Protein chains: 2
Amino acid sequence: MPTAVTARNHATAAPPRRASAFRAIAPEAAEMPLYRVVKRALLQAIEDGTYPPGAALPNETALAATFGVSIGTLRHAVDELAADHILVRRQGRGTFVASHNADRSVFQFFHIERADGLREAPTVELLGFERARLDEDAAQALGAPAGEACFAIETRLALQGRAVAYDRIVIPAALFRGLTEKRLRDRPSTIYHLYQTEFGITVVRAHERLRAISADRTVARVLGLPHGAPVLQVRRTALTFGDKPVEHRVSTVNTSHHDYVNLLTRPI
Amino acid sequence: MPTAVTARNHATAAPPRRASAFRAIAPEAAEMPLYRVVKRALLQAIEDGTYPPGAALPNETALAATFGVSIGTLRHAVDELAADHILVRRQGRGTFVASHNADRSVFQFFHIERADGLREAPTVELLGFERARLDEDAAQALGAPAGEACFAIETRLALQGRAVAYDRIVIPAALFRGLTEKRLRDRPSTIYHLYQTEFGITVVRAHERLRAISADRTVARVLGLPHGAPVLQVRRTALTFGDKPVEHRVSTVNTSHHDYVNLLTRPI
DNA sequence: CCCAATTTGTTCGTATGTATA
DNA sequence: TTATACATACGAACAAATTGG
């Protein structure tokens, strides 16, 4: 729950701007603007489950009162969280914690579309599920020691019945305690939705590094390509709050009929 | 020059919110919020050269007065333009029209970096320059009829002396009247800086479609790769204001030692 | 080195418009 | 229709960064 703080009066006499009780509980934020302190507090409340995914936040007036800031300052904080896809605002309804419905996962994290521009959600087929140990690459990506316990998941993604990508996913076992092949197979929605609803892990952003490689035997078999065919390799690190890595994924994509699409910067 | 408008008083009596002279000069914006009308007017002023790249805008108080809006509304408009990299704000100095210095071109439009994460600006070598006619692909990307006159430019990009990318650039001749190989070769900075300073064309964003292909003879020769090696093909359409396409570029990248990097969403 | 002027950044508060249930 | 919530717009005061004297 966000900490209640005493209201401050800005225009009069001159209460020192940095002396609010609110700031006192976040000493590391000493020289941070107030709206950013509020943003952090909201993030913290989302992380610790005070406001779970899909939940509505209190209205702006109430939130501002809770934090002891003006509604303008509160809105500034919420604006940034909305820009980061952490919150979703809906006029007339409220402000909600973003949840990993199919749309979000597809539009924010899935970048493959047909060469003619048709965009749709892939069908996912589970090819493998096993307990394993982090190899060097995955360990580095996850910021964990090599050899640590993990789950290794393999899936094949298809668009219009055509196999398009072969994904090898590595996630730390410590974060996903109790994951079983059955739970993974029976998930009703995307895998990021499963992370969120079953393990309380919300993927908020990711970075990807791409290169062209030749299909090895495994890739060729899974994607139905000739051995040695050029394929796109996408290495993704998915991050949760505080830029903590929670998933390492290597996608190998057949780009004969599909493209990886990158829309740079925001539209005007 | 931004059009001066009579100031409106919001809090009192009740002058109809939609009846300002400002709105009257932009009838298509009838149902657009005021801050967005201001944003469009600023964009227009930047496009038509009232505020050229690098120029300082009048200060916020003056701009707000010019448009006849409150400073909060003016700031809302400027905020969005800054988020779009059209304007750059500097506390204590002013607000400036973004210009295509090397940094901007590199950080906003160049996505190749060494596999170990080292990021630097490429050295560019001009391989070819000729007048040509738009082929089907380029015509579609540029939204122009095939066969129209264009310039076809070929460059090789190197990082630390190693050839990394082979770029084929197509730009409409009509937009770049007077471009010569010498002017291109003698440019002091990036090619987008040349577009901006010599032809008044500012690239504000772009979209890219990526796929893996096999190096043909030309690519193999230019990049020093074996024929058939897997390479990354990046097809970029660069856009200016109003999402008007101004450049079509096909980059072919040797990703043996470098990656194409995509940082998804904004940092928190 | 410090001071004053200028400009954006932050914060406050209030009133009204618009979408939703 | 009414109530609620976010969206837009107004205005004011002070903080912080920059520049030039």
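Computed from a predicted structure; not experimentally measured. Chain A is the first sequence line, chain B the second, and so forth, proteins listed ahead of strands; every chain is numbered from 1.
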Quickly work out the [X] [atom1] to [N] [atom2] distance and round it to whole Å.
| X | N | atom1 | atom2 | result |
| --- | --- | --- | --- | --- |
| A:Asn59 | C:dT18 | CG | P | 21 Å |
| A:Leu74 | C:dT10 | CG | C1' | 15 Å |
| A:Glu60 | C:dG13 | CD | P | 15 Å |
| B:Leu63 | D:dC10 | CG | C1' | 17 Å |

Could you tell me if A:Thr50 and A:Asp48 have a donor-acceptor pair between their side chains, going purely by distance under 3.5 Å? yes

What N/O pairs connect the protein and nucleotides 19-21 of chain C at under 3.5 Å? Give each pair on its own line.
residue : atom : partner : partner atom : Å
C:dA21  : OP1  : A:Arg93 : NE           : 3.4

Counting any heavy atom closer than 4.0 Å, what does A:Ile71 reach on the DNA or RNA strands: base, sugar-phosphate only, or nothing? base

Name the nucleic acid region contacted by B:Gly94, choosing base, sugar-phosphate or nothing; use a 4.0 angstrom heavy-atom cut-off, strictly under.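 Sugar-phosphate contact only.
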
Among [options], find the nucleotide with the atom closest to the side chain of [X].
| X | options | value |
| --- | --- | --- |
| B:Arg89 | D:dG11, C:dG9, C:dC12 | C:dG9 |
| B:Pro33 | C:dT11, D:dT8, C:dT8 | D:dT8 |
| A:Arg75 | C:dC12, C:dG9, D:dT8 | D:dT8 |

Under 3.5 Å, is there a donor-acceptor pair between the side chain of A:Arg187 and the main chain of A:Leu184? yes

For residues 53-65 of chain A, dump all side-chain donor-acceptor pairs below 3.5 Å to protein atoms at least two apart in sequence or in another chain.
residue : atom : partner : partner atom : Å
A:Asn59 : OD1  : A:Thr61 : N            : 3.0
A:Asn59 : OD1  : A:Ala62 : N            : 2.9
A:Glu60 : OE1  : A:Arg75 : NH1          : 3.2
A:Glu60 : OE2  : A:Arg75 : NH1          : 2.8
A:Glu60 : OE2  : A:Arg89 : NH2          : 2.3

Kindly say if B:Thr73 contacts the phosphate of D:dT8, meaning a side-chain N or O under 4.0 Å from OP1 or OP2.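 For B:Thr73, the contact criterion (side-chain N or O under 4.0 Å from OP1 or OP2 of D:dT8) is not met.
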
Can you find a side chain N or O atom of B:Thr95 that sits less than 4.0 Å from OP1 or OP2 on C:dT8? yes

Would you say B:Glu198 has more than 12 foreign heavy atoms packed within less than 6.0 Å of its CD? yes

What pairs with B:Tyr260 under ring pair (Phe, Tyr, Trp, His ring centres under 6.0 Å), at least two apart in sequence or on another chain? B:His111

With a cut-off of under 6.0 Å to the ring centre and 45° to the axis, is A:Arg104 in cation-pi contact with A:Phe109?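 No - A:Arg104 does not lie over the ring of A:Phe109 by the 6.0 Å and 45° rule.
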
